[in-house]
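For reference, the structure discussed in these notes is given below.
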Amino acid sequence: MAKAIGLISGGLDSILSVKLTQEQGIEVIGVFCSSPFFEKTFNVKKIADELNIPLKIIEFGEEYIELIKNPKYGYGKNLNPCIDCHIYMLKQAKKIMEEQKADFVFTGEVLGERPMSQNRQSLKNIERESGLVGILLRPLSAQLFEPTIPEKIGIVDRTKLGSINGRSRKPQLELAKKFNITNIPQPAGGCLLTDKNFCVRLKDAFSHNEDSLADLELLKIGRHFRVENTKIIVGRNEKENTQLKKIKQSDDLILEPLDIAGPVVLIRHYNENEDEEILKLAAGICTRYCDKKTIAKIKYCDIIIESKPLDESLINRFRII
């Protein structure tokens, strides 16, 4: 039996690509690339189970973050290096293809669906840069491209593949009916690198060498402030307050109000010998976002201090976004 490695995103396109490949009697192994910038709005393991395929999850780390900083093919509208990202994912899939002695790699990409990363030239560049020339199949649009090696040697029947082009979802929905897919997955939450406000935070973090996975996770939580070189994060609700306490590292400092409802505040990499003024400002920011904007008792470690709300002009001066 022929074997193929399929990139699984959790969306309908990748599900249909698996179905088209399985329909030809080909064994499929799914690969999901987990990026710190993806919003997890679906259960990819559940999807793999429903497709009856094994799933390998690849967690992106420091090497991927460096790619985000300096993409060869540049950014989209914000800090989204879509072409470089696709190349990186496919390089990981290629490694698994070689380990599993599989015959080819396939994706759910559709010609013309995304203007930057899925035009004909970009798709060609992605295939070349990933080292998958001739063995990268795009089942939904395959008939619009030159035949791949698997098609030429008869592993894949080209006539059973698609010729979908453009942004309309109608062809995919019709194909879903053919495969009796009734629970159509909603589009995934997307990549945070396409979000303008998130990218403001990311640019600020990169400019202060805050590029660890822990730093990137913090970008998704709360209100963010920069006092000199120090990051201060303020929880916006009970869930974020809990997250900040959970994410806190050994050199971070947590502040929270006593006897009054208000936010948890995290000072990143706090140095008690140098940052007394920053502590006072953080306490003022904490008091500003308490339910009652009066003088409040703020606790950190086992110390309690009194603080009044920080002036709004200073709040705006320190605010990142």
Side-chain angles (χ1 to χ4, degrees), residues 1-9 11-33 48 51-56 72-73 82-179 181:
M1 179 184 289
K3 186 187 298 185
I5 307 299
L7 281 183
I8 307 299
S9 69
L12 181 59
D13 288 350
S14 62
I15 291 172
L16 292 173
S17 293
V18 170
K19 289 287 191 181
L20 285 170
T21 305
Q22 288 177 320
E23 188 181 43
Q24 304 207 23
I26 297 170
E27 179 186 353
V28 172
I29 297 173
V31 173
F32 175 71
C33 296
L51 291 168
N52 195 29
I53 61 173
L55 179 70
K56 294 184 178 292
K72 177 177 178 178
Y73 287 94
C82 298
I83 295 174
D84 293 84
C85 187
H86 284 200
I87 292 168
Y88 189 79
M89 290 181 186
L90 286 167
K91 284 182 176 180
Q92 311 315 306
K94 181 175 182 284
K95 291 177 184 177
I96 295 174
M97 180 192 74
E98 292 167 348
E99 291 169 2
Q100 296 292 323
K101 295 181 171 54
D103 298 282
F104 62 95
V105 172
F106 69 90
T107 76
E109 293 166 305
V110 170
L111 180 63
E113 188 172 79
R114 295 179 181 174
M116 177 183 178
S117 61
Q118 293 182 11
N119 61 68
R120 191 173 293 276
Q121 185 59 52
S122 293
L123 291 173
K124 185 176 180 180
N125 290 340
I126 290 169
E127 180 179 358
R128 183 187 69 253
E129 295 274 7
S130 63
L132 291 168
V133 174
I135 50 173
L136 175 57
L137 185 69
R138 294 167 172 119
L140 293 174
S141 298
Q143 292 190 39
L144 302 177
F145 296 105
E146 289 295 317
T148 59
I149 293 172
E151 294 167 87
K152 291 177 180 178
I153 64 177
I155 292 176
V156 175
D157 184 347
R158 181 176 175 83
T159 65
K160 295 181 180 179
L161 302 177
S163 58
I164 300 175
N165 185 16
R167 306 188 71 173
S168 171
R169 303 296 288 167
K170 186 177 179 180
Q172 285 93 321
L173 294 175
E174 290 176 352
L175 196 54
K177 287 182 181 179
K178 171 188 172 183
F179 288 117
I181 300 172

Next item on the list: Tell me yes or no: between the side chains of Ser122 and Asn125, is some donor less than 3.5 Å from an acceptor?
Entry: no
Note to self: Can you tell me how far apart OG1 (Thr159) and CD (Glu151) are? Round to the nearest 0.5 Å.
What the structure shows: 10.0 Å
Item checked: Shortest non-hydrogen separation from Ala48 to Leu55 and the atoms involved -> CB-CB, 3.8 Å
Next item on the list: Supply the atom-to-atom distance Asp13 CG to Ile8 CD1, rounded to the nearest 0.5 angstrom.
Entry: 11.5 Å
Margin query: If the threshold is 4.0 Å, N to carboxylate O, is there a salt bridge linking Lys94 and Glu98?
Written below: yes
Next item on the list: Calculate, to the nearest 0.5 Å, the distance between atoms CZ and CD1 belonging to Phe104 and Ile153 respectively.
Entry: 9.5 Å
Notebook entry, point to check: Any side-chain heavy-atom pair from His86 and Lys91 closer than 4.5 angstrom?
Noted result: no
Item checked: From CA spacing to verdict: side chain to side chain contact (heavy atoms under 4.5 Å, CB included), Ile164, Leu111 -> CA-CA 7 Å; Ile164 300 175; Leu111 180 63; over 6 Å; no
Item checked: Residues Glu113, Arg169: salt bridge by 4.0 Å N-O rule -> yes
Notebook entry, point to check: Hey, are the side chains of Phe106 and Leu7 touching, using non-hydrogen atoms and a 4.5 Å cut-off?
Noted result: no
Next item on the list: Give a yes or no on whether Arg158 atom CZ has more than 12 heavy-atom contacts from other residues, nucleotides or ligands under 6.0 Å away.
Entry: yes
Check: Does some side-chain heavy atom of Leu137 sit less than 4.5 Å from a side-chain heavy atom of Leu161?
Finding: yes
Margin query: For residues 129-145, which residue pairs pass the side-chain hydrogen bond (donor to acceptor under 3.5 Å, both in side chains) check, not counting sequence neighbours?
Written below: Lys72-Glu129, Tyr73-Glu129, Glu109-Arg138
Item checked: Within-4.5 Å side-chain heavy-atom neighbours: Leu173 and Leu12 -> yes
Notebook entry, point to check: Between atom CG of Leu140 and atom CG of Leu20, what is the distance when rounded to the nearest 0.5 Å?
Noted result: 6.0 Å
Notebook entry, point to check: Is any side-chain N of the basic residue among Lys178 and Glu23 closer than 4.0 Å to the acidic one's carboxylate O?
Noted result: yes
Item checked: Heavy-atom side-chain contact between Lys124 and Phe145 under 4.5 Å -> no
Check: Can you tell me how far CD1 of Ile5 sits from CD1 of Ile135, rounded to the nearest 0.5 angstrom?
Finding: 11.0 Å
Note to self: Using side-chain heavy atoms (C-beta onward) and a distance below 4.5 Å, is Leu90 in contact with Ile126?
What the structure shows: yes
Notebook entry, point to check: Is it the case that more than 12 heavy atoms not belonging to Lys19 sit under 6.0 Å from its NZ atom?
Noted result: yes
